[in-house]
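I have placed the structure first, in the form of structure tokens, so that the comments after it can refer back to it.
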Amino acid sequence: MNLHNIFTDLEKNTDIEKAKQMEKYMKNNFRFLGIQTPLRKEITKSYFSEAKKVKNIDWEFIDTCWKKSYREAQYVAIDYLKMMNKFLEIEDVDKIKLLLVNKSWWDSVDGLHRIIGDLALKHPALDQMMIEWSKDENIWLRRIAINHQMFRKEKMKEELLEKILINNFESEEFFINKAIGWTLRDYSKTNPTWVIQFIDKHREKLSPLSIREGSKYISI
């Protein structure tokens, strides 16, 4: 089954009214066909079931997805990578980085952070790269560095997390401060004491947004 036929199936299901709503929600940064998540996953289900049997990631397909003018194609690429996650290797990081810095917005970046996170957990050599990304001029690389350990629970590398967050203190960028808060909030479910102590220690350099988001489930 040819993965590229997905695009034909997507385009056949264009819904102009829904497209307008989706474009407005995304601040008109991208063009949409108007295909919401349930239908997108229904369209790709049979294609992905066959693709998974190959056990080899089709980067040419992903590249084509990213070049398409409508946003649903990028979502398809992210869905595909999530499905093929276990076949990713450290050598694929540069390819993923290209996705992160092209057609970047919170939706695509947040869609990819678990993919980077799982890869970094499997390959500790990537920890240093996450530190470097946390200092990059590109805010989306910084955001994914901040969030890449979310949902790890007891596998959280606290020293790494602290270094990355400190590298982003006193930022005026909304998407950075929001990411700091989300990561702290997520980890507070596992280790509230660490998060309370972190916020108390760095309160003067954390943004009000980060503190508010990070303390949602704890008392500070």
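These numbers were taken from a predicted model, which means no experiment stands behind them.
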- Item | Asp127 vs Glu159, side chain to side chain contact (heavy atoms under 4.5 Å, CB included): CA-CA, chis, key distance, verdict | CA-CA 11 Å; Asp127 289 354; Glu159 183 178 350; over 6 Å; no

If I compare all heavy atoms of [X] with all of [Y], which pair ends up nearest, and what's the gap?
X	Y	answer
Arg142	Ser171	NH2-OG, 3.6 Å
His113	Met150	NE2-CB, 4.1 Å
Asn147	Ala179	OD1-O, 3.1 Å
Ser210	Leu206	CB-CD2, 4.2 Å
Gly214	Leu184	CA-CB, 3.9 Å
Ser188	Ile218	CB-CG2, 3.8 Å

- For side chain to side chain contact (heavy atoms under 4.5 Å, CB included), just list the numbers for Phe151 and Asp186, CA-CA rounded to whole Å, side-chain angles, deciding distance to a tenth of an Å, and then say yes or no. CA-CA 7 Å; Phe151 312 119; Asp186 176 69; 3.4 Å; yes

Cut-off 3.5 Å, no hydrogens considered: what does the side-chain donor-acceptor table look like for residues 3-10, sequence neighbours left out?
unit_1, atom_1, unit_2, atom_2, d
His4, NE2, Glu60, OE1, 2.9
Asp9, OD2, Tyr47, OH, 2.7

- Message: Looking only at the aromatic ring of each residue, does the gap between the centers of Trp105 and Phe30 stay below 6.0 angstrom?
- Response: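 Centroid separation for Phe30 and Trp105: 6.0 Å or greater.
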
Checking [X] side chain against [Y] main chain: does a donor-acceptor pair fall under 3.5 Å?
X	Y	result
Glu173	Phe175	yes
Asn168	Ser134	yes
Gln149	Gly117	no

Do [X] and [Y] have side chains that get closer than 4.5 Å, going by heavy atoms?
X	Y	result
Trp106	Phe174	no
Phe87	Asp92	no
Glu23	Arg71	no
Leu141	Leu100	yes
Leu98	Lys95	no
Lys82	Arg114	no
Lys153	Lys189	no
Met83	Tyr80	yes

Taking [atom1] in [X] as the centre, count heavy atoms belonging to other residues, nucleotides or ligands within less than 6.0 Å. Is the count above 12?
X	atom1	answer
Lys205	NZ	no
Glu172	CD	no
Lys103	NZ	yes
Lys135	NZ	yes

Could you tell me whether [X] and [Y] have a side-chain N and a carboxylate O separated by less than 4.0 Å?
X	Y	value
Lys122	Asp118	no
Asp110	Arg143	yes
Lys53	Glu50	yes

- Side chains of Glu11 and Tyr70: donor-acceptor distance under 3.5 Å anywhere?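 Judged by distance alone, the side chains do pair up.
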
Could you state whether [X] and [Y] fall into the same hydrophobic cluster, counting links through intermediate Ile, Leu, Val, Met, Phe, Trp or Tyr residues with side-chain heavy atoms under 4.5 angstrom apart?
X	Y	value
Ile90	Met129	yes
Phe32	Ile16	no
Trp140	Val93	yes
Trp182	Phe169	no
Val195	Tyr217	no

How many angstroms lie between [atom1] in [X] and [atom2] in [Y], if you round to the nearest 0.5 Å?
X	Y	atom1	atom2	result
Leu112	Leu119	CG	CG	11.5 Å
Leu165	Leu160	CG	CG	9.0 Å
His148	Ile164	NE2	CD1	5.0 Å
Leu39	Asp15	CG	CG	9.5 Å
Trp66	Asn102	CH2	CG	9.0 Å
Glu72	Gln36	CD	CD	9.5 Å

- Message: Please enumerate all residues that pass side chain to side chain contact (heavy atoms under 4.5 Å, CB included) together with Thr193, with sequence neighbours excluded.
- Response: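 By the side chain to side chain contact (heavy atoms under 4.5 Å, CB included) rule, Thr193 matches Asn191, Gln197.
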
- Message: Between Met156 and Thr190, is the side chain to side chain contact (heavy atoms under 4.5 Å, CB included) condition met? List the steps.
- Response: CA-CA 9 Å; Met156 173 70 74; Thr190 300; over 6 Å; no

- Message: Run Gln21 and Glu17 through side chain to side chain donor-acceptor pair (under 3.5 Å) and show every step you take.
- Response: CA-CA 7 Å; Gln21 295 169 14; Glu17 289 305 312; 5.5 Å; no

- Message: Is the ring pair Trp194/Tyr187 parallel, tilted or perpendicular, if the boundaries are 30 and 60 degrees?
- Response: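 It falls in the perpendicular class, over 60°.
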
- Query: Do Lys157 and Met130 pass the side chain to side chain contact (heavy atoms under 4.5 Å, CB included) test, and can you show the C-alpha distance, the side-chain angles, and the key distance before you say yes or no?
  - Reply: CA-CA 12 Å; Lys157 297 180 181 179; Met130 293 300 100; over 6 Å; no

